[in-house]
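Position 1 is the first residue of the sequence; numbering continues from there. We count ligands from 1, going down the list as the structure has it; atoms in each ligand are counted the same way. Please read these numbers as outputs of a predicted model, since none were measured by experiment.
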Amino acid sequence: MKVVAALIALLFVCFANCDEQTASPARLLIEKKILNKYLVEGRDIVVHYNIYNVGESAAVNVQISDDSLPSEHFDIVNGLNKFTIARLAPATNITHTVVYRPKAGVWGRFNFTAAQVNYLRKEDSTEVQRGQTSEPGEGYIVSLKEFDRRFSPHVLDWIAFSVMTLPSLVIPFLLWFRSKSKYEAIIASKPLKKH
Ligand SMILES: *[C@@H]1O[C@H](CO)[C@@H](O)[C@H](O)[C@H]1NC(C)=O
Ligand SMILES: *[C@@H]1O[C@H](CO)[C@@H](O)[C@H](O)[C@H]1NC(C)=O
(Lines give C-alpha, C1' and ligand atoms only; values in the text may rest on other atoms or scores of the structure.)
(Ligands and ions follow the chains in the order given, each with its own letter.)
Protein backbone atom coordinates (compact mmCIF):
# COMPACT_ATOMS: atom_id res chain seq x y z
CA MET A 1 0.00 0.00 0.00
CA LYS A 2 2.75 2.39 1.03
CA VAL A 3 4.64 1.69 -2.20
CA VAL A 4 1.59 2.51 -4.31
CA ALA A 5 1.00 5.74 -2.42
CA ALA A 6 4.63 6.69 -2.86
CA LEU A 7 4.40 5.97 -6.58
CA ILE A 8 1.28 8.05 -6.92
CA ALA A 9 2.94 10.86 -4.98
CA LEU A 10 5.94 10.61 -7.27
CA LEU A 11 3.71 10.78 -10.30
CA PHE A 12 2.08 13.94 -9.00
CA VAL A 13 5.44 15.53 -8.34
CA CYS A 14 6.45 14.64 -11.85
CA PHE A 15 3.29 16.07 -13.35
CA ALA A 16 3.80 19.35 -11.60
CA ASN A 17 7.52 19.55 -12.22
CA CYS A 18 8.10 17.65 -15.45
CA ASP A 19 5.52 19.77 -17.17
CA GLU A 20 7.42 22.91 -16.27
CA GLN A 21 10.64 21.44 -17.50
CA THR A 22 9.28 20.19 -20.81
CA ALA A 23 7.34 23.37 -21.65
CA SER A 24 9.04 24.79 -24.73
CA PRO A 25 10.67 28.19 -24.28
CA ALA A 26 8.98 31.34 -25.49
CA ARG A 27 9.19 32.03 -29.20
CA LEU A 28 8.01 35.31 -30.62
CA LEU A 29 6.66 35.92 -34.09
CA ILE A 30 6.54 39.63 -34.73
CA GLU A 31 4.75 41.02 -37.70
CA LYS A 32 5.51 44.58 -38.72
CA LYS A 33 2.94 46.02 -41.06
CA ILE A 34 2.23 49.36 -42.70
CA LEU A 35 -1.49 50.04 -42.50
CA ASN A 36 -1.65 52.83 -45.10
CA LYS A 37 -3.08 52.48 -48.55
CA TYR A 38 -1.11 55.51 -49.74
CA LEU A 39 2.21 56.80 -48.47
CA VAL A 40 2.27 60.56 -48.85
CA GLU A 41 4.84 63.23 -48.00
CA GLY A 42 3.81 65.00 -44.78
CA ARG A 43 0.92 62.61 -44.08
CA ASP A 44 0.66 59.95 -41.36
CA ILE A 45 2.16 56.52 -41.88
CA VAL A 46 0.79 53.94 -39.44
CA VAL A 47 3.21 51.18 -38.48
CA HIS A 48 1.65 48.26 -36.65
CA TYR A 49 3.42 45.49 -34.72
CA ASN A 50 1.75 42.23 -33.70
CA ILE A 51 3.85 40.32 -31.16
CA TYR A 52 2.73 36.72 -30.84
CA ASN A 53 4.25 34.22 -28.38
CA VAL A 54 3.95 30.78 -30.00
CA GLY A 55 6.05 29.06 -27.29
CA GLU A 56 4.83 27.43 -24.07
CA SER A 57 6.67 29.73 -21.67
CA ALA A 58 6.30 33.42 -21.02
CA ALA A 59 8.66 35.75 -22.87
CA VAL A 60 10.30 38.16 -20.47
CA ASN A 61 11.73 41.65 -20.95
CA VAL A 62 10.78 41.89 -24.61
CA GLN A 63 12.54 44.93 -26.09
CA ILE A 64 11.68 46.13 -29.55
CA SER A 65 13.68 48.82 -31.23
CA ASP A 66 12.85 50.17 -34.66
CA ASP A 67 15.47 52.40 -36.23
CA SER A 68 14.31 51.75 -39.76
CA LEU A 69 12.56 55.11 -40.15
CA PRO A 70 15.36 57.58 -39.41
CA SER A 71 14.47 60.80 -37.60
CA GLU A 72 16.33 62.63 -40.34
CA HIS A 73 13.44 61.82 -42.71
CA PHE A 74 10.51 60.95 -40.46
CA ASP A 75 8.85 62.57 -37.44
CA ILE A 76 7.14 60.39 -34.86
CA VAL A 77 3.65 61.79 -34.40
CA ASN A 78 2.40 59.18 -31.92
CA GLY A 79 3.82 56.17 -30.07
CA LEU A 80 7.33 54.97 -29.32
CA ASN A 81 9.76 53.34 -31.74
CA LYS A 82 11.56 51.70 -28.79
CA PHE A 83 9.39 49.90 -26.27
CA THR A 84 9.55 47.12 -23.68
CA ILE A 85 6.99 44.50 -22.74
CA ALA A 86 7.76 43.13 -19.25
CA ARG A 87 6.10 39.76 -19.81
CA LEU A 88 4.17 38.11 -22.62
CA ALA A 89 2.30 34.92 -21.63
CA PRO A 90 2.32 31.89 -23.97
CA ALA A 91 -0.22 31.90 -26.82
CA THR A 92 -0.86 35.62 -26.35
CA ASN A 93 -0.62 38.62 -28.65
CA ILE A 94 0.20 42.21 -27.95
CA THR A 95 -0.09 44.91 -30.56
CA HIS A 96 1.71 48.22 -30.75
CA THR A 97 1.26 51.13 -33.13
CA VAL A 98 3.54 54.00 -34.04
CA VAL A 99 2.52 56.87 -36.29
CA TYR A 100 5.22 58.48 -38.40
CA ARG A 101 5.11 61.39 -40.81
CA PRO A 102 7.60 61.87 -43.65
CA LYS A 103 9.13 65.35 -43.35
CA ALA A 104 8.48 68.01 -45.97
CA GLY A 105 10.44 67.19 -49.11
CA VAL A 106 10.76 63.47 -48.29
CA TRP A 107 9.27 61.34 -51.04
CA GLY A 108 10.27 58.52 -53.39
CA ARG A 109 11.07 54.84 -52.96
CA PHE A 110 11.57 53.67 -49.41
CA ASN A 111 12.50 50.22 -48.14
CA PHE A 112 10.62 49.49 -44.90
CA THR A 113 12.95 47.04 -43.14
CA ALA A 114 12.69 44.98 -39.94
CA ALA A 115 12.86 46.15 -36.32
CA GLN A 116 15.23 44.48 -33.83
CA VAL A 117 13.93 42.36 -30.96
CA ASN A 118 15.56 41.07 -27.72
CA TYR A 119 13.91 38.89 -25.09
CA LEU A 120 14.38 36.09 -22.56
CA ARG A 121 12.81 32.79 -23.53
CA LYS A 122 12.09 31.76 -19.92
CA GLU A 123 11.38 33.51 -16.66
CA ASP A 124 14.81 32.67 -15.16
CA SER A 125 16.85 32.65 -18.36
CA THR A 126 20.03 34.67 -18.58
CA GLU A 127 20.58 34.18 -22.28
CA VAL A 128 19.20 36.98 -24.44
CA GLN A 129 17.41 35.85 -27.58
CA ARG A 130 17.84 38.20 -30.53
CA GLY A 131 15.53 38.40 -33.49
CA GLN A 132 13.80 40.58 -36.03
CA THR A 133 10.28 41.51 -36.98
CA SER A 134 8.96 40.79 -40.46
CA GLU A 135 9.83 43.30 -43.19
CA PRO A 136 7.00 45.29 -44.74
CA GLY A 137 9.20 45.79 -47.84
CA GLU A 138 9.51 48.53 -50.37
CA GLY A 139 6.96 51.30 -50.76
CA TYR A 140 6.70 54.55 -52.66
CA ILE A 141 6.10 57.79 -50.82
CA VAL A 142 4.24 60.13 -53.14
CA SER A 143 5.03 63.83 -52.99
CA LEU A 144 2.20 65.96 -51.66
CA LYS A 145 2.03 67.83 -54.98
CA GLU A 146 1.69 64.61 -56.94
CA PHE A 147 -0.90 63.29 -54.51
CA ASP A 148 -3.04 66.43 -54.79
CA ARG A 149 -2.73 66.44 -58.56
CA ARG A 150 -3.71 62.79 -58.84
CA PHE A 151 -6.49 62.58 -56.30
CA SER A 152 -8.17 65.70 -54.95
CA PRO A 153 -8.87 67.58 -58.23
CA HIS A 154 -10.10 64.39 -59.87
CA VAL A 155 -12.65 63.85 -57.16
CA LEU A 156 -13.88 67.42 -57.72
CA ASP A 157 -13.89 66.90 -61.50
CA TRP A 158 -15.88 63.75 -61.06
CA ILE A 159 -18.45 65.42 -58.82
CA ALA A 160 -18.79 68.30 -61.31
CA PHE A 161 -19.15 65.80 -64.12
CA SER A 162 -21.90 63.88 -62.39
CA VAL A 163 -23.76 67.07 -61.50
CA MET A 164 -23.61 68.24 -65.13
CA THR A 165 -24.70 64.91 -66.54
CA LEU A 166 -27.52 64.48 -64.07
CA PRO A 167 -30.12 66.46 -66.10
CA SER A 168 -29.26 64.57 -69.27
CA LEU A 169 -29.83 61.31 -67.47
CA VAL A 170 -32.88 62.38 -65.49
CA ILE A 171 -34.86 63.93 -68.35
CA PRO A 172 -34.83 60.85 -70.63
CA PHE A 173 -35.69 58.73 -67.65
CA LEU A 174 -38.72 60.87 -66.85
CA LEU A 175 -39.85 60.75 -70.50
CA TRP A 176 -39.41 57.00 -70.60
CA PHE A 177 -41.14 56.58 -67.29
CA ARG A 178 -44.12 58.67 -68.41
CA SER A 179 -44.57 56.75 -71.68
CA LYS A 180 -44.10 53.48 -69.83
CA SER A 181 -46.87 54.37 -67.37
CA LYS A 182 -49.13 55.44 -70.22
CA TYR A 183 -48.49 52.15 -72.01
CA GLU A 184 -49.15 50.17 -68.86
CA ALA A 185 -52.38 52.04 -68.34
CA ILE A 186 -53.48 50.99 -71.84
CA ILE A 187 -52.67 47.36 -71.20
CA ALA A 188 -54.42 47.47 -67.87
CA SER A 189 -57.54 48.96 -69.37
CA LYS A 190 -57.81 46.41 -72.19
CA PRO A 191 -59.09 43.40 -70.22
CA LEU A 192 -61.61 45.63 -68.56
CA LYS A 193 -63.16 46.51 -71.95
CA LYS A 194 -63.52 42.83 -72.85
CA HIS A 195 -66.16 42.23 -70.24
C1 LIG B 1 -2.25 36.28 -32.60
O2 LIG B 1 -1.74 36.68 -33.83
C3 LIG B 1 -1.66 35.65 -34.79
C4 LIG B 1 -0.95 36.16 -36.00
O5 LIG B 1 -1.53 37.33 -36.50
C6 LIG B 1 -3.05 35.14 -35.08
O7 LIG B 1 -3.00 34.11 -36.02
C8 LIG B 1 -3.68 34.65 -33.78
O9 LIG B 1 -5.00 34.28 -34.01
C10 LIG B 1 -3.63 35.71 -32.71
N11 LIG B 1 -4.04 35.11 -31.46
C12 LIG B 1 -4.76 35.74 -30.53
C13 LIG B 1 -5.01 35.00 -29.27
O14 LIG B 1 -5.19 36.88 -30.73
C1 LIG C 1 15.14 46.08 -48.48
O2 LIG C 1 16.01 45.85 -47.40
C3 LIG C 1 16.22 44.47 -47.12
C4 LIG C 1 17.07 44.36 -45.89
O5 LIG C 1 18.11 45.27 -45.87
C6 LIG C 1 16.86 43.78 -48.32
O7 LIG C 1 17.04 42.42 -48.06
C8 LIG C 1 15.94 43.97 -49.53
O9 LIG C 1 16.54 43.41 -50.67
C10 LIG C 1 15.65 45.43 -49.74
N11 LIG C 1 14.67 45.55 -50.81
C12 LIG C 1 14.81 46.31 -51.86
C13 LIG C 1 13.75 46.28 -52.87
O14 LIG C 1 15.82 47.02 -52.00
*Kindly confirm or rule out an N or O of Thr113 lying under 3.5 angstrom from an N or O of ligand 2.*
no
_Closest protein heavy atom (residue, atom, distance) for atom 7 (O) of ligand 1_ = Tyr52 CE2, 4.5 Å
*Out of Ile51, Thr95, Ile94, Asn93, whose heavy atom sits nearest atom 8 (C) of ligand 1?*
Asn93
*Show which atoms of ligand 2 fall inside a sub-4.0 Å distance from at least one heavy-atom site of Glu138.*
13 (C)
*Would you sort out whether Phe110 and Phe74 count as a ring-ring contact (aromatic ring centres under 6.0 Å, His included), showing the intermediate values?*
CA-CA 12 Å; Phe110 188 79; Phe74 298 90; 5.0 Å; yes
*asked:* For Lys103 and His73: C-alpha separation, side-chain torsions, deciding distance, then whether side chain to side chain contact (heavy atoms under 4.5 Å, CB included) applies.
replied: CA-CA 6 Å; Lys103 295 192 173 184; His73 296 130; 5.7 Å; no
*State, without any angle test, whether Asp66 and Tyr49 hold a side-chain donor-acceptor pair at a distance under 3.5 Å.*
yes
*Look up atom 2 (O) of ligand 2 and tell me if a protein heavy atom lies less than 4.0 Å from it?*
yes
*How about atom 11 (N) of ligand 2: does it have a protein heavy atom within less than 4.0 Å?*
yes
*List the closest protein heavy-atom neighbour of atom 13 (C) of ligand 1: residue, atom name, distance to the nearest 0.1 Å.*
Ala91 O, 4.2 Å
*asked:* Looking at every heavy atom in both Ala26 and Ser57, which two are closest together, and how far apart are they?
replied: CB-O, 3.3 Å
_For atom 4 (C) of ligand 1, closest protein heavy-atom neighbour_ = Asn50 ND2, 3.6 Å
_Are Tyr119 and Val60 linked, directly or through intermediate hydrophobic residues, by side-chain heavy-atom contacts shorter than 4.5 Å (ILVMFWY only)?_
no
_Donor on one side chain, acceptor on other, Thr113 and Asn111, under 3.5 Å_ = no
_Yes or no: does Glu135 have any heavy atom under 4.0 Å from an atom of ligand 2?_
yes
*Out of Thr97, Asn78, Ile34, which one pairs with Val46 under the side chain to side chain contact (heavy atoms under 4.5 Å, CB included) rule?*
Thr97
